[in-house]
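FYI, side chains are in, hydrogens and waters are out, and symmetry mates aren't considered; it's all heavy atoms of this structure.
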Amino acid sequence: MSRAAHRPAVLVVVVGTGTDVGKTWVTARLAADLRAGGTAVAARKVAQSFAEDGTPTDAEVLAAASGESPSVVCPPELSYPLPLAPPMAAEELGMEPLPMDALVSRVSSSWQDGVPVGIVESAGGVRSPLAIDGDSISLIASLRPDLVVLVADSGLGTINAIRCSLDAIHGAVSPERV
């Protein structure tokens, strides 16, 4: 797969061992720190699902950190107000869940020319469905990022979750990019 002409010079994908492990916090902090250092950065959330409880969505948090609009970070049609894996939330809400190639195409075509760093945050764990036919491993294999960041919590079972996630990730990229 060839890289788009307007792909960021450095593309980072942030994945997690599960849900609520801190992916959005890490992604937002990375974006904010890069911006504070004078580097333009763009953040993308492939798809998001959430509870409508008044807390900011991942797209809103990432938009604040990157200086973009939440609808650019994650298009409204990929934002599901139901806390399930994105394709499951879409189906439950009567929406058509998208295949991975459509999600990858949306992310790949959303970069503005000249953005030096692009950060893409996945949803759930590395094997949680992002699309009807793919997960974060499929996303990584399709986007071919320069770096993959794995985020984990600090609870019991974390070592196992990290090792299982790394095994899956290493099948999609070379180990030096993780």
Side-chain angles (χ1 to χ4, degrees), residues 1-16 19 23-24 26-28 30-31 34-35 40-52 56-151 168-169 172-173 177:
M1 172 194 255
S2 65
R3 294 180 178 186
H6 58 282
R7 176 190 187 270
V10 177
L11 183 60
V12 179
V13 173
V14 178
V15 297
T19 300
K23 293 182 300 292
T24 301
V26 168
T27 305
L30 177 59
L34 285 166
R35 281 185 70 208
V41 62
R44 298 293 179 266
K45 179 78 176 183
V46 160
Q48 67 178 352
S49 57
F50 52 91
E52 292 185 292
T57 65
D58 291 352
E60 291 168 336
V61 172
L62 298 178
S66 66
E68 301 170 284
S69 162
S71 64
V72 169
V73 172
C74 186
E77 64 272 16
L78 297 175
S79 296
Y80 309 108
L82 189 62
L84 297 171
M88 295 171 184
E91 284 183 353
E92 191 68 25
L93 294 167
M95 302 166 72
E96 187 72 28
L98 296 178
M100 183 57 69
D101 63 346
L103 292 179
V104 168
S105 177
R106 285 175 186 248
V107 168
S108 297
S109 65
S110 72
W111 305 115
Q112 292 182 2
D113 287 334
V115 174
V117 180
I119 309 168
V120 178
E121 182 189 334
S122 69
V126 296
R127 287 300 191 178
S128 298
L130 290 177
I132 57 173
D133 60 351
D135 54 23
S136 292
I137 299 305
S138 306
L139 178 71
I140 291 166
S142 296
L143 289 178
R144 297 178 49 204
D146 300 294
L147 180 66
V148 176
V149 176
L150 176 63
V151 180
I169 292 167
V173 299
R177 291 191 289 165

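Annotation: side chain of V104 is in contact with side chain of L139 (closest heavy-atom distance under 4.5 Å). Residues V10 and L147 are not in side-chain contact: their nearest non-hydrogen atoms beyond the backbone lie 4.5 Å or more apart. The side-chain heavy atoms of I140 and I169, taken from C-beta on, include a pair separated by under 4.5 Å. Counting only heavy atoms from C-beta outward, the side chains of S122 and V46 never approach each other to under 4.5 Å. No side-chain heavy atom of V151 sits less than 4.5 Å from a side-chain heavy atom of E121. Counting heavy atoms from C-beta outward, F50 and P83 have side chains that stay 4.5 Å or more apart.
Using a distance-only test at 3.5 Å, with no hydrogens or angles considered, a donor-acceptor pair links the side chain of D135 to the main chain of S138. Checked by atom type and distance alone, the side chain of S128 pairs as donor or acceptor with a backbone atom of G125 at under 3.5 Å.
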List the atom pairs, with distances to 0.1 Å, where a side-chain N or O of residues 64-78 and a protein N or O form a donor-acceptor pair under 3.5 Å, not counting sequence neighbours.
from : atom 1 : to   : atom 2 : distance (Å)
S66  : OG     : L62  : O      : 3.0
S66  : OG     : E68  : OE1    : 2.6
E68  : OE1    : A43  : N      : 2.8
E68  : OE1    : R44  : NH1    : 3.4
E68  : OE2    : R44  : NH1    : 2.6
E68  : OE2    : R44  : NH2    : 3.4
S69  : OG     : S71  : N      : 3.2
S69  : OG     : S71  : OG     : 3.0
E77  : OE2    : R106 : NH1    : 2.6

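For A102, the side-chain contact (heavy atoms from CB on, under 4.5 Å) partners two or more places apart in sequence, or in a different chain, are L98, P99.
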> When you look at S142 and D101, which way does the side chain to side chain contact (heavy atoms under 4.5 Å, CB included) test go after all the steps?
Replying inline: CA-CA 8 Å; S142 296; D101 63 346; over 6 Å; no
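When all heavy atoms are compared, the tightest approach of L103 to A131 is CD1-CB, 3.7 Å. Nearest heavy atom pair, residue A123 against residue L130, reads N-CD2, 3.4 Å. Counting all heavy atoms, side chain and backbone alike, L11 lies closest to R7 at CB-NH2, 3.2 Å. In plain terms, the two heavy atoms of S136 and V15 that are nearest each other are CB-CG1, 3.8 Å. Between Y80 and A47 the shortest heavy-atom distance is CE1-CB, 4.4 Å.
Atoms OG and CE, on S79 and M95 in that order, are 8.5 Å from each other to the nearest 0.5 Å. Rounded to the nearest 0.5 angstrom, I119 CD1 and L34 CG are separated by 5.5 Å. Distance CD/Q48 to CG/D58: 5.5 Å, rounded to 0.5 Å.
Residue pairs meeting the salt bridge (Lys or Arg N to Asp or Glu O under 4.0 Å) criterion with at least one partner in residues 78-99, sequence neighbours excluded, are absent.
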